[in-house]
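Everything below concerns the one structure shown next.
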2 protein chains.
Amino acid sequence: MSAKPAFSVSLSTILEKFRDKFPVPPEKWEGYTSRFKRIQVPAKTILLREGEISKKAYLIEKGCLRVWFDNKGDEVTFQFFFENSTVSSIESFKKGTPSLFSLETIEPCTLWWIDKTDVDSMLEEVSEIASMRNQIMNTLFERTLHYMKHFLSFVRDTPQERYENLLNQQPYIVQRIPQHYIASYLGISRVHLSRIKNKLARGK
Amino acid sequence: MSAKPAFSVSLSTILEKFRDKFPVPPEKWEGYTSRFKRIQVPAKTILLREGEISKKAYLIEKGCLRVWFDNKGDEVTFQFFFENSTVSSIESFKKGTPSLFSLETIEPCTLWWIDKTDVDSMLEEVSEIASMRNQIMNTLFERTLHYMKHFLSFVRDTPQERYENLLNQQPYIVQRIPQHYIASYLGISRVHLSRIKNKLARGK
DNA sequence: CTTAAACGATAACATTTGTTACCAAATTTC
DNA sequence: GAAATTTGGTAACAAATGTTATCGTTTAAG
């Protein structure tokens with residue numbers, strides 16, 4: 001153990017956190033993890049551009065990303081990702097279609113990436129195992145629910161309520177992410193978000 | 001073949017359409033389909049009430065349904081379902097949690113329903129077969145994309161654009177569904193939808 | 001250290017959308 | 001087929017939200 005080079009220790013330490021998301025059999029683990037490559041990129045790096053075809057999936061060791069798309073000239077931020085998350089443009093990665101979104105770092109990031117071909121072969125193997133299968137299905141199902149609920153909050157809540165929910169449920173987003181990204185994430189203008197904050201500051 | 005009772009012929013005819021959604025091996029088909037029960041219900045029948053736990057999945061032979069939830073007193077319609085679709089409150093059906101939605105017929109309907117325990121045992125068996133598994137995963141994946149894209153259209157498009165998209169892409173919805181349901185589906189008030197229609201009628 | 005870029009607040013004004021109320025047509029119910 | 005319910009249109013006004021522009025403050029780059 002202590003004989004291993006520092007780099008290898010770091011790799012396995014970080015990737016351990018993703019075992020639930022890449023649920024491979026123990027004896028395969030080493031073979032798969034070796035296919036991940038570590039990179040460091042500055043803030044505002046575009047990892048995938050809207051319209052390109054996604055060939056890589058990322059794990060975030062450090063930093064955060066946003067997923068956004070161009071809407072008639074202005075950027076609409078759609079999702080944020082932080083440490084210990086896996087990120088890709090899922091529809092493009094899975095189906096090989098042009099991505100609907102861009103993937104861009106917000107902070108300087110340390111990332112691990114893996115090629116689609118490796119993910120595919122891995123999935124093919126592990127899906128022979130019922131428990132792994134269920135794990136994968138569950139992950140996908142939860143993502144479905146996530147989109148469903150996120151959508152619901154748009155239909156159900158006012159912008160102010162959405163902001164308050166964000167503050168309560170994911171305060172780290174408000175803390176780490178520049179406000180104009182949050183505004184577009186909430187579906188409102190920067191000015192309006194400013195107004196909402198102001199209103200809340202003066203006791204509702 | 002001609003010796004079969006009319007009812008049985010009808011059953012298999014209708015259910016054939018769902019083979020892609022309930023992808024069971026051919027030799028199992030008969031055993032599973034026999035667990036479906038046919039019912040006829042009038043318009044405005046509530047099949048599942050928000051807060052209850054879903055134990056049944058439905059196939060629509062004839063008619064249409066809506067999925068809605070209560071938002072501070074008024075009903076928000078979230079999705080419509082038509083002939084040859086399968087419907088359930090998926091999160092409740094799968095996880096056994098209280099349903100976030102009500103399921104209600106809009107027109108008089110002819111439905112086939114199946115119990116959750118039957119679905120579960122069926123899924124367990126068929127998921128041993130790789131091709132069936134992929135089918136199931138694909139169905140789930142497509143549903144995820146559906147929610148994602150539906151959400152996107154809310155962030156990206158104006159109410160008028162959403163209505164025009166609906167007209168172009170799913171004209172049958174506009175034709176068959178009462179307008180006030182469509183308004184809440186589009187996330188706007190009945191009055192505003194009326195204004196939009198008026199505006200479009202007078203050449204944009 | 002200096003300058004440029006990014007970020008955030010605010011005001012004034014325009015536009016969109018909601019609310020309430022009322023009416024008419026269509027549909028369902030008895 | 002008469003009455004009740006559902007459905008849809010419109011007007012007047014109120015509230016929410018967007019747009020543009022301006023101004024500090026902070027952060028990043030040289």
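What's counted below: heavy atoms across the whole structure, side chains too, no hydrogens, waters or symmetry copies.
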Side chain of [X] only, please: which of [options] is the nearest?
| X | options | answer |
| --- | --- | --- |
| A:Arg195 | D:dT19, C:dT17, D:dT10 | D:dT19 |
| A:Ser194 | D:dT10, C:dC7, C:dA9 | C:dA9 |
| B:His192 | D:dA11, C:dT17, C:dT10 | C:dT17 |

Item checked: Worked verdict on A:Arg49 versus A:Ser102 for side chain to side chain donor-acceptor pair (under 3.5 Å) -> CA-CA 4 Å; A:Arg49 197 175 293 276; A:Ser102 292; 6.0 Å; no
Item checked: Check: B:Arg190 side chain, C:dG18 base, donor-acceptor under 3.5 Å ->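 Looking at the base of C:dG18, it does not pair with any donor or acceptor on the side chain of B:Arg190 (distance under 3.5 Å).
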Next item on the list: Assign B:Ile188 to base, sugar-phosphate, or nothing according to its heavy-atom contacts below 4.0 angstrom with the strands shown.
Entry: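 If one applies the 4.0 Å heavy-atom cut-off, B:Ile188 turns out to touch the sugar-phosphate alone, with no base involved.
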Counting only side-chain nitrogens and oxygens, does [X] get under 4.0 Å of the OP1 or OP2 atom of [N]?
| X | N | answer |
| --- | --- | --- |
| A:Lys197 | C:dA9 | yes |
| B:Asn198 | D:dT10 | yes |
| A:His180 | C:dA6 | no |
| B:Gln179 | D:dG9 | yes |

Please report, rounded to the nearest Å, how far the [atom2] atom of [N] is from the [atom1] atom of [X].
| X | N | atom1 | atom2 | result |
| --- | --- | --- | --- | --- |
| B:Lys199 | D:dT10 | NZ | P | 15 Å |
| A:Ile106 | D:dT27 | CD1 | P | 16 Å |
| A:Lys44 | D:dA28 | NZ | C1' | 10 Å |
| A:Glu107 | D:dA28 | CD | P | 10 Å |
| A:Asp157 | D:dT17 | CG | P | 12 Å |
| A:Arg176 | C:dC7 | CZ | P | 15 Å |
| B:Ile177 | D:dT7 | CD1 | P | 11 Å |
| A:Asp74 | D:dG18 | CG | P | 11 Å |

Checklist line | Partner of B:Glu107 under side chain to side chain donor-acceptor pair (under 3.5 Å), chosen from B:Arg176, B:Lys62, B:Lys44 | finding: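 Going through the options one by one, the only one that passes is B:Arg176.
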Note to self: For B:Phe78 and B:Phe69, take the angle between the two ring planes, folded into 0 to 90°, and tell me which bin it lands in: parallel under 30, tilted 30 to 60, perpendicular over 60.
What the structure shows: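 Correct class here is perpendicular.
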Next item on the list: For B:Glu161 and B:Arg156, work out which heavy atoms get closest and say how close.
Entry: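 It is OE1-O, 4.2 Å.
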Margin query: Closer than 3.5 angstrom, by distance alone: can the side chain of A:Lys116 be matched with the main-chain N or O of A:Phe93 as a donor-acceptor pair?
Written below: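 Flag set: sc A:Lys116 to bb A:Phe93 pair under 3.5 Å.
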